[in-house]
Q: 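Below is a structure I'd like to ask you about.
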Amino acid sequence: MRSVPVLLLALFLLIGMVGCGTPQVPVGKQYTLTHSVEGEGTVTPISGMKYAAGTIVQLTPTPAYGWAFKSWDGPDAGSVVGSSGNYSILMDADKTITAVFEKLKHEVITMVTPEDGGTIELSIIDPVDPQDVTIVDHGQIISVFAQPAANYEFFRWESDLSGTENPTTMLIEGRTYIDAVFQPVTTGRVTGNNGTQGIAGVVLEYTGAANGQVTTDADGYFSIRGVSGSITITPKSAPGTLWIDAEPTNRQVIAPSANVNFSLASFKYVGAWSGQGTVHGMYGTFGNIALDAEGLVYLVENNSCHIKKFTSDGMLITTLDMPRNPDTSCRLLGSLAIDSSGNIFATSLVGHQLNKLNGSGQLVKSWGGYGTDAGQFDTPMGLAIDSSGDIYVVDNGNDRIQKFTNDGDYVLSWGSPGYDDGRFDSPSNIAIDDNDDIYVTDAYNYRVQKFDTGGNYLSNWGGAPGPTHLNLQYLSMATDPNGNVWVIKSQENQLLTYSPTGQQLHLVNLGTIGPDGSKLQFPGNMVISSQGVLYITDPNNNLVHQFVIED
């Protein structure tokens with residue numbers, strides 16, 4: 001009878017367990033896990049797999065390059081439990097979920113060094129959608145351009161971008177820092193005093209906040225980089241120059257700056273030539289060289305009694321026979337001058353005459369003769385022609401200047417022996433500038449005197465012998481296109497330049513100039529063309545040395 005209560009108790013316990021405990025899993029039942037992807041990425045295990053009822057499935061979302069897993073979505077997203085890297089879902093029914101991936105975006109942070117040096121421009125290459133370029137999708141290529149501010153230039157990239165290419169491109173794979181480094185730059189140009197042509201190779205020195213040198217490029221431009229603060233810029237030299245004159249002589253600027261310009265005149269040695277064949281017997285002391293209106297060069301060749309005509313660079317054009325005296329000696333042994341019509345005027349030291357020849361070398365007229373009367377000469381030396389075609393002759397032995405018309409008619413004379421203004425002691429040479437101001441070397445008074453075309457005294461300079469003064473008897477002289485006066489001291493091998501008011505500008509040692517073995521010694525005469533080309537005869541070496549005044 002006791003077995004009945006025991007069976008009843010067991011039955012009640014079984015019923016309680018069924019009603020209050022874990023639900024029973026149907027034996028042999030399977031459920032399907034279905035998943036999809038939004039964005040770019042993958043999920044494991046693969047979609048469509050069947051699992052036994054009650055199975056817990058581990059889920060792994062893997063983003064594609066440039067993407068990140070964001071969240072789960074879909075009808076059964078709430079069944080997914082866990083956190084990044086450890087997701088799972090209980091298969092107690094068919095489940096459908098979606099893995100959501102999003103495109104990575106990165107911040108692009110730009111900097112400029114120095115702060116006022118410029119700006120950085122960013123742009124997306126082939127953008128899908130317009131957007132703020134400082135927030136860029138992962139894997140996107142952007143274009144980066146550094147735009148300098150005024151008086152700055154791009155120098156290099158720093159931080160996450162390197163190099164000097166500008167503009168450049170960059171692949172964005174994370175938060176990115178871009179620093180554009182700019183450097184200050186002071187720019188300017190050196191041109192000629194009388195034109196806009198840039199002068200190459202000029203060395204400029206700067207001192208102050210920084211010290212250094214820069215050189216002008218082929219067009220005369222220069223740049224001083226990386227310097228800030230007050231600096232003084234001074235043109236110092238140019239290639240091959242014997243001297244330079246800069247206007248202004250220097251400039252003080254606050255760097256960085258722009259348009260720091262200088263105008264320059266420089267004196268350069270070009271070379272030496274003797275034409276086609278040697279120019280023998282050049283009588284260089286008194287003035288055996290002249291230029292015509294076209295810049296062609298005429299040289300007296302005394303040994304053969306010829307005048308040779310050359311191009312400006314020394315190529316022989318023609319040879320003219322000079323007139324001879326009755327004893328067949330050469331009539332022309334002095335200075336030459338060519339008027340605007342191509343007529344040749346030449347003094348005869350021995351015959352005390354002035355001769356006029358046409359462009360073919362044929363004698364047109366002679367006048368003068370030894371004496372002290374008007375129109376007569378005692379050793380006529382220097383010779384010059386003014387803008388009207390009138391002729392001026394240095395009458396050395398009579399210590400005076402005589403003026404004639406182009407046809408040889410006497411006009412006037414001035415001067416007499418003495419030391420007062422307007423008097424002379426062995427005048428030797430003469431030059432006329434573009435304003436028709438007349439300059440005469442007054443040798444034994446150690447000075448240059450200046451007159452107008454009427455013979456009126458204007459000024460003088462010099463007045464004492466010395467290393468930089470005028471103390472030789474036979475001084476050659478010429479004027480340049482800027483109105484400056486050039487004087488040669490033959491025995492000292494010196495070339496001196498003066499302003500029209502007599503301020504000494506330069507002294508050049510000619511003894512260091514010329515080809516090896518043919519250095520310029522005891523230079524003869526010189527002429528200067530309207531283009532600033534200077535020629536000096538070198539009788540000792542039978543050469544003509546050519547220079548150029550660049551401005």
Q: Mind listing the closest non-hydrogen atom pair of G54 and L90 along with its distance?
A: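 Shortest heavy-atom contact: O-CD1, 3.4 Å.
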
Q: Sub-3.5 Å donor-acceptor pair from the side chain of D160 to the main-chain atoms of Y177, do we have one?
A: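 Side chain of D160 to backbone of Y177: a pair is present.
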
Q: Check step by step if side chain to side chain contact (heavy atoms under 4.5 Å, CB included) holds for I233 and F262.
A: CA-CA 10 Å; I233 307 172; F262 296 90; 4.0 Å; yes

Q: Output yes when a side-chain donor or acceptor of T479 lies under 3.5 Å from a complementary backbone atom of I432, and no otherwise.
A: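 Yes; judged by distance alone, with no hydrogens or angles, the pair exists.
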
Q: Does one side chain, of N484 or T497, offer a donor that lies under 3.5 Å from an acceptor on the other?
A: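 Side chains of N484 and T497: no pair found under 3.5 Å.
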
Q: Do Y269 and F547 pass the ring pair (Phe, Tyr, Trp, His ring centres under 6.0 Å) test, and can you show the C-alpha distance, the side-chain angles, and the key distance before you say yes or no?
A: CA-CA 4 Å; Y269 180 62; F547 303 78; 5.0 Å; yes

Q: Identify the heavy atoms of A478 and V527 that sit nearest to each other, and give their distance.
A: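 Smallest interatomic distance, heavy atoms only, reads CB-CA, 4.4 Å.
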
Q: Determine yes or no for a side-chain-to-main-chain donor-acceptor pair under 3.5 angstrom, with N541 supplying the side chain and K519 the backbone.
A: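 Yes, the answer is positive, given that a donor and an acceptor are paired below the 3.5 Å cut-off.
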
Q: I would like to know whether N542 and S274 meet side-chain hydrogen bond (donor to acceptor under 3.5 Å, both in side chains); could you show each step before the answer?
A: CA-CA 7 Å; N542 287 316; S274 62; over 6 Å; no

Q: Checking S263 side chain against E247 main chain: does a donor-acceptor pair fall under 3.5 Å?
A: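 Pair found, side chain donor or acceptor close to backbone of E247.
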
Q: If I compare all heavy atoms of P61 with all of Y87, which pair ends up nearest, and what's the gap?
A: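 The pair with the smallest heavy-atom distance is CD-CD1, 3.8 Å.
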
Q: Does E107, at its CD atom, have more than 12 non-hydrogen atoms belonging to other residues, nucleotides or ligands within less than 6.0 Å?
A: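 Check passes, neighbour count above 12.
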
Q: In terms of heavy-atom contacts, does NZ of K70 have more than 12 from other residues, nucleotides or ligands at under 6.0 Å?
A: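 For K70, atom NZ is not crowded (no more than 12 foreign heavy atoms under 6.0 Å).
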
Q: Please report the interatomic distance OG(S499) to CD(Q504), rounded to the nearest 0.5 Å.
A: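 Going from the OG atom of S499 to the CD atom of Q504 covers 10.0 Å.
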
Q: For T32 and K50, test the side chains for any donor-to-acceptor distance below 3.5 angstrom and give the result as yes or no.
A: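 There is such a pair between these side chains.
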
Q: Are the side chain of T186 and the backbone of S257 linked by a donor-acceptor contact shorter than 3.5 Å?
A: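 The answer is yes, because a donor-acceptor pair under 3.5 Å joins these two groups.
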
Q: Can you say whether the rings of W273 and F310 are parallel (under 30°), tilted (30 to 60°) or perpendicular (over 60°)?
A: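 Rings of W273 and F310: tilted, as their planes differ by 30° to 60°.
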
Q: Kindly determine whether L204 and T216 satisfy side chain to side chain contact (heavy atoms under 4.5 Å, CB included), including the steps that lead there.
A: CA-CA 8 Å; L204 299 100; T216 58; 3.7 Å; yes

Q: Do D179 and T113 have side-chain N/O donor and acceptor atoms under 3.5 Å apart?
A: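 Looking only at side-chain atoms, T113 and D179 do form a donor-acceptor pair, the distance falling under 3.5 Å.
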
Q: Looking at L495, I289, V544, T537, which one forms a side chain to side chain contact (heavy atoms under 4.5 Å, CB included) with M526?
A: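 The residue from L495, I289, V544, T537 that satisfies side chain to side chain contact (heavy atoms under 4.5 Å, CB included) with M526 turns out to be L495.
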
Q: Tell me whether W157 contacts the main-chain N or O of E165 through its side chain, where contact means a donor paired with an acceptor under 3.5 Å.
A: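 Between the backbone of E165 and the side chain of W157 there is a qualifying donor-acceptor contact (under 3.5 Å).
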
Q: Check the surroundings of atom CG in L505: do more than 12 heavy atoms from other residues, nucleotides or ligands lie under 6.0 Å from it?
A: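 Counting neighbours around CG of L505, more than 12 heavy atoms of other residues, nucleotides or ligands fall under 6.0 Å, so yes.
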
Q: Rounded to the nearest 0.5 Å, what separation is found between the CD1 atom of I172 and the CD1 atom of I142?
A: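 It comes to 4.0 Å.
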
Q: Provide the closest heavy-atom pair for D76 versus I97 in the form atom of the first, atom of the second, distance.
A: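 For D76 versus I97, the nearest heavy atoms are O-CG2, 3.5 Å.
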
Q: Once rounded to the nearest 0.5 Å, what's the spacing between atom NZ of K95 and atom OH of Y51?
A: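 Here the interatomic distance stands at 12.0 Å.
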
Q: Is there side-chain contact between I338 and Y298, with heavy atoms separated by less than 4.5 Å?
A: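 Yes, their side chains come closer than 4.5 Å.
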
Q: Looking at every heavy atom in both T119 and V112, which two are closest together, and how far apart are they?
A: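 In terms of heavy atoms, the two residues are closest at CA-CG2, 4.2 Å.
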
Q: Of all the heavy-atom pairs spanning P515 and H545, show the shortest one and how long it is.
A: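 The answer is CD-CE1, 4.0 Å.
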
Q: Would you say the side-chain atoms of D137 pair up with the backbone N or O of K105, donor to acceptor, closer than 3.5 Å?
A: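 Not at all, since once roles are kept as given, no pair shorter than 3.5 Å links the two residues.
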
Q: Start with the C-alpha distance between Y206 and F222, add both sets of side-chain angles, then the distance that settles ring pair (Phe, Tyr, Trp, His ring centres under 6.0 Å), and finish with yes or no.
A: CA-CA 12 Å; Y206 55 91; F222 66 89; 9.3 Å; no

Q: Please state whether the rings of W243 and W486 are parallel, tilted or perpendicular, taking 30° and 60° as the class boundaries.
A: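 Correct class here is tilted.
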
Q: So, do F69 and F101 sit near enough that their side-chain heavy atoms are less than 4.5 Å apart?
A: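 The answer is yes; the side chains approach within 4.5 Å.
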
Q: Do D538 and P523 touch side chain to side chain, with heavy atoms closer than 4.5 Å?
A: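 Contact flag for D538/P523 side chains = no.
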
Q: Distance-only, no hydrogens or angles: does the D436 side chain make a donor-acceptor pair with backbone N or O of S387 under 3.5 Å?
A: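 The answer is yes, because a donor-acceptor pair under 3.5 Å joins these two groups.
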
Q: Look up atom CZ in F145 and atom CD1 in I120, then write down how far apart they are to the nearest 0.5 Å.
A: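 Reported to 0.5 Å precision, the distance equals 11.0 Å.
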
Q: Taking N509 for the side chain and G511 for the main chain, is one N or O donor matched with an acceptor at less than 3.5 Å?
A: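 Yes.
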
Q: Give a yes or no on this: more than 12 heavy atoms of other residues, nucleotides or ligands lie within 6.0 Å of atom CD of Q197.
A: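 Count not over threshold, so no.
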
Q: Looking at R175 and I109, would you say the former's side chain and the latter's main chain have a donor-acceptor pair under 3.5 Å?
A: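 A pair under 3.5 Å: no.
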
Q: Evaluate the criterion side chain to side chain contact (heavy atoms under 4.5 Å, CB included) for residue pair H138 and E173; output intermediate values, then yes/no.
A: CA-CA 5 Å; H138 183 94; E173 297 179 292; 3.8 Å; yes

Q: I would like to know whether L122 and I178 meet side chain to side chain contact (heavy atoms under 4.5 Å, CB included); could you show each step before the answer?
A: CA-CA 10 Å; L122 303 177; I178 301 174; 4.3 Å; yes

Q: Roughly how far, to the nearest 0.5 Å, is the CG atom of L59 from the OG atom of S88?
A: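 Rounded to the nearest 0.5 Å, the OG-CG separation comes to 7.0 Å.
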
Q: If you measure from CZ on F267 to CG on D480, what distance do you get to the nearest 0.5 Å?
A: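 Answer rounded to 0.5 Å: 10.0 Å.
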
Q: Regarding T34 and S47, do their side chains bring together a donor and an acceptor under 3.5 Å, going by distance alone?
A: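 Per modelled atom types, T34 and S47 side chains form no pair under 3.5 Å.
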
